[in-house]
2 protein chains.
Amino acid sequence: MAKRNQRLSRDVIVDCAMALADAEGLEAVTIRRLAQENGVTPMAMYWHFNDKEALLDALAAHLVEAVKLPPPSEAPWDAQLRDVLEAIAVALRPHPTVAGMAARQVLVADAGLELTERVLALLAEAGLEPHRAAEVATFLFCSVVALVAGDPGQREVVTPEDLEGRLRLKTATLTALPPTRFPHLIAAAPGLVSCFGQDDFFDLNLDLLVQGVRGIR
Amino acid sequence: MAKRNQRLSRDVIVDCAMALADAEGLEAVTIRRLAQENGVTPMAMYWHFNDKEALLDALAAHLVEAVKLPPPSEAPWDAQLRDVLEAIAVALRPHPTVAGMAARQVLVADAGLELTERVLALLAEAGLEPHRAAEVATFLFCSVVALVAGDPGQREVVTPEDLEGRLRLKTATLTALPPTRFPHLIAAAPGLVSCFGQDDFFDLNLDLLVQGVRGIR
DNA sequence: GCGCCAACTGTACGACGTACATCGGCCGCT
DNA sequence: AGCGGCCGATGTACGTCGTACAGTTGGCGC
């Protein structure tokens, strides 16, 4: 972990930071920690990045660039939009703690511009004029980010068994609520506490977004 | 700013923190700063809150409790759902920098439970079974939060004229892109950079969400 | 072999969260 | 009126963070 096998570079720092964020959460991504992981002085980071914010921007840009945009096709716009949104979700899901910062790079990173252009084209095909398409596209991206990063319980990374206990506890407190005041909440409790990270959660809500675009045309 | 006119309490601290976050951004909300604003030692905060995270949780809970839930009515479920989502957005909009933390209190704060119950009831009325309703309700809340907090450019608070300059610059860089590769993006540039905080941005995308729920029934 | 410059080191500073021990003033009691 | 208890605030200290500024190296072109 603390060895120098190659020269430092923006890329190895970003990769290291991403791994660190995935393993121990975003708050573990520290200038000093990154330096230590690479067997280097903290100040060495400042040769490659102006400051920590620039480093985090690079992390976010890396995520945006990880989106594998599906090739344009003859399929109807809604099917294509669905595929694009899913591609974004697929790229973000492995890094939920970093995903929250992706939105601020979507109009900066090259890949983000391409992605935005693609979504705008599909929305135009759907019949939205440019101004509304812009608003919808912005919101769609933020929503997909929220879909991945929004887990309120997962602010820090936890071990699987610890997580299970926490879920059990949360479910218990919810089902212990007064049944006359919160009937639906109690019925939905298991889904409420465990839906994040589930495949059908993503599928259902990506559908919701696409159907929403259909609805507002 | 630095005077003691009353005994400290959780409420005055939370109010102070909220004002601070609105004026100077979340990162200005500091134990030491809050103490200073109240003419008190930093350690005095720890009598009222276990740690900083508890303080931020209280901030988030305060936001959730600020939601003025519209009274149940005879209106169709989609109109009511639209009103509830709008009520959430209205409560969050004055505090965009804090809004991002609201999601993690929605199943903790009393008002959040009531709000969730209400949304779940409306989704049941729409015909969703409990499990899917849970997933949709969770996502809807996160989405509204993203709608308010998601502004990528507004991570720190800026003065109006500074903001305008920034928007102008962003628009310029976007419209300067190669027109053959990014036609839609260039056409939509003004909307992309300035849509956050606009009323019609909220209206349109809240409609999108409600229509999305209609679409997935 | 020499010099240069990109890449890295060393030291230091101020701000942060907060553990731990202490203290003062207001309360109801006698 | 005196007094003890305890709520709410204090004072000091520690470790960690980002990072300014100046100094140092190693390898490459000449």
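Values below: every heavy atom of this structure, side chains too, minus hydrogens, waters and symmetry copies. Labels below follow one simple rule: chain letters A, B, ... track the order of the sequence lines, proteins then strands, and each chain is numbered from 1.
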d(CG, B:L34; P, C:dC16) in whole Å: 10 Å
Salt bridge flag under 4.0 Å for residues B:D57 and B:R104: yes
Test side chain to side chain contact (heavy atoms under 4.5 Å, CB included) applied to B:H62 - qualifying residues, sequence neighbours left out: B:V14, B:D15, B:M18
Sugar-phosphate or base contact per nucleotide [nucleotides 13-21 of chain D; S, B, -; heavy atom under 4.0 Å]: ----BBBBB
Contacts of B:Q198 that satisfy side-chain hydrogen bond (donor to acceptor under 3.5 Å, both in side chains) - sequence neighbours left out: none
Presence of salt bridge, A:R82 and A:D203, under 4.0 angstrom: yes
Value in whole Å for how far the C1' atom of D:dG8 lies from CG of B:N38: 14 Å
Between C:dG17 (C1') and B:L56 (CG): distance, integer Å: 12 Å
Between D:dG8 (C1') and B:W47 (CH2): distance, integer Å: 6 Å
CZ on B:F202 to CD on B:E86, rounded to 0.5 Å: 10.5 Å
Length of the CZ-P vector between A:R10 and C:dA7, whole Å: 12 Å
Short side-chain N/O contact to C:dA6 OP1/OP2 from A:H48, under 4.0 Å: no
B:N50 atom CG, neighbour heavy-atom count above 12 within 6.0 Å: no
